[in-house]
Amino acid sequence: MKALQRLMRQQIGLLGMLGVLVIWQVMGWLKLLPKFILPTPLEIGQAFIRDAGFLASHSWATLKVALLGLVLGVILACILAILMDSLSWLNDLIYPMMVVVQTIPTIALAPILVLWLGYGILPKIVLIILTTTFPIIVSILDGFRHCDRDTMTLFELMQANRWQILWHFKIPASLPYFYAGLRVSVSYAFITTVVSEWLGGFEGLGVYMIQSKKLFQYDTMFAIIILVSVISLLGMKLVAVSEKYVIKWK
């Protein structure tokens, strides 16, 4: 009995989701939810099967852009965080501007970037970089500022220079903070890519979603939404797995 209770506590989230799906499906069968408002889970599942080829090709297009923007954003964020930690005047100069940019909704930035940079891949990459760098920079800076002061003093007594302290102490100590920011940025990358595809482009899940909307294929639209969520969750899971291998001492 206790084992069953323990299992139910561990799987309570999954059980809750299954309960919602069952209620959702029953309401569809009873005609309480019109199809043009909310397709049933079975109808969305049928859309996955029916449009599997299109979903796969558009997912790959979105994934390529998201990963490229994320990689560039991570590299830029790491460089800026190190420079901002080393140069206080640079931190005072850049940090307020980053905060202002983060307060602007992504859907508002996207058309401006398209107007400036065209309908190619460049505005999408820039938008992803703008949305993914901030969480990582803030996380790394927090990691640097929470480094153990006694260990820092020990490095200074051993006459380690600034770069030795950074490489052998501050970077390893800030890795848990880096991964916390990376998990947030991974989800931002995929969502931002889809939003940017709404406003221009020829392929990607965002483009396919707009096409489905125009054709009143709401089951396909919901399938795309679920697919974007699944891709984001898988990305976050991969980050968690890599964290276990990189930070073995955690």
Close side-chain approach of [X] and [Y], heavy atoms under 4.5 Å:
X	Y	answer
Glu243	Leu175	no
Leu42	Trp29	yes
Phe178	Ile136	yes
Met236	Ser187	yes
Asp219	Gln217	yes

Of all the heavy-atom pairs spanning [X] and [Y], show the shortest one and how long it is.
X	Y	result
Thr193	Ser196	O-OG, 2.7 Å
Val65	Ile125	O-CD1, 3.6 Å
Trp24	Thr40	NE1-CA, 3.9 Å
Cys147	Ala173	SG-CB, 3.9 Å
Leu70	Ile128	N-CG2, 3.8 Å

Met158, CE atom: more than 12 neighbouring heavy atoms under 6.0 Å: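 No, not enclosed.
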CZ (Phe48) with more than 12 external heavy atoms under 6.0 Å: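 Yes, enclosed.
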State yes or no: do [X] and [Y] share one hydrophobic cluster built from I, L, V, M, F, W and Y residues joined by side-chain heavy-atom distances below 4.5 Å, directly or via other members?
X	Y	result
Trp167	Trp163	yes
Val138	Ile104	no
Ile247	Val239	yes
Val22	Val20	no
Val194	Tyr208	yes

Could you go through residues 73-85 and list every donor-acceptor pair under 3.5 Å that involves a side-chain atom there, pairing it with any protein atom two or more places apart or in another chain?
from: Asp85; atom 1: OD2; to: Lys170; atom 2: NZ; distance (Å): 2.6

Pairs touching residues 228-238 that satisfy side chain to side chain donor-acceptor pair (under 3.5 Å), sequence neighbours left out: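 Of all non-adjacent pairs touching residues 228-238, none passes side chain to side chain donor-acceptor pair (under 3.5 Å).
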Phe134: partners by ring pair (Phe, Tyr, Trp, His ring centres under 6.0 Å), with sequence neighbours left out: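 With neighbours one apart ignored, the set is empty.
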How far does [atom1] of [X] sit from [atom2] of [Y], to the nearest 0.5 angstrom?
X	Y	atom1	atom2	answer
Leu67	Leu72	CG	CG	11.0 Å
Tyr218	Ile225	OH	CD1	12.0 Å
Gln211	Ile224	CD	CD1	8.5 Å

Keeping the roles fixed (side chain from [X], backbone from [Y]), state whether a donor-acceptor pair exists under 3.5 Å.
X	Y	value
Glu197	Leu205	yes
His168	Gln164	no
Ser174	Ile171	yes
Thr220	Ser212	no
Gln102	Val99	no
Thr62	Ser59	no

Pairs touching residues 59-104 that satisfy ring pair (Phe, Tyr, Trp, His ring centres under 6.0 Å), sequence neighbours left out: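 Not a single pair qualifies under ring pair (Phe, Tyr, Trp, His ring centres under 6.0 Å).
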Derivation and outcome, side-chain contact (heavy atoms from CB on, under 4.5 Å), residues Tyr177 and Leu141: CA-CA 9 Å; Tyr177 295 84; Leu141 290 176; over 6 Å; no
Criterion side-chain contact (heavy atoms from CB on, under 4.5 Å) on Val246 and Tyr179, from CA distance to verdict: CA-CA 10 Å; Val246 173; Tyr179 272 101; 3.2 Å; yes
Mutual orientation of the aromatic rings belonging to His58 and Phe54 [parallel < 30°, tilted 30-60°, perpendicular > 60°]: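 His58 and Phe54: parallel rings.
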For Asn91, side-chain hydrogen bond (donor to acceptor under 3.5 Å, both in side chains) partners two or more places apart: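 Per chain and number, Asn91 pairs via side-chain hydrogen bond (donor to acceptor under 3.5 Å, both in side chains) with no residue.
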Set of residues satisfying side chain to side chain contact (heavy atoms under 4.5 Å, CB included) with respect to Leu113, sequence neighbours excluded: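 Partners of Leu113 under the side chain to side chain contact (heavy atoms under 4.5 Å, CB included) test: Trp116, Leu117, Pro123, Val126, Leu127, Leu130.
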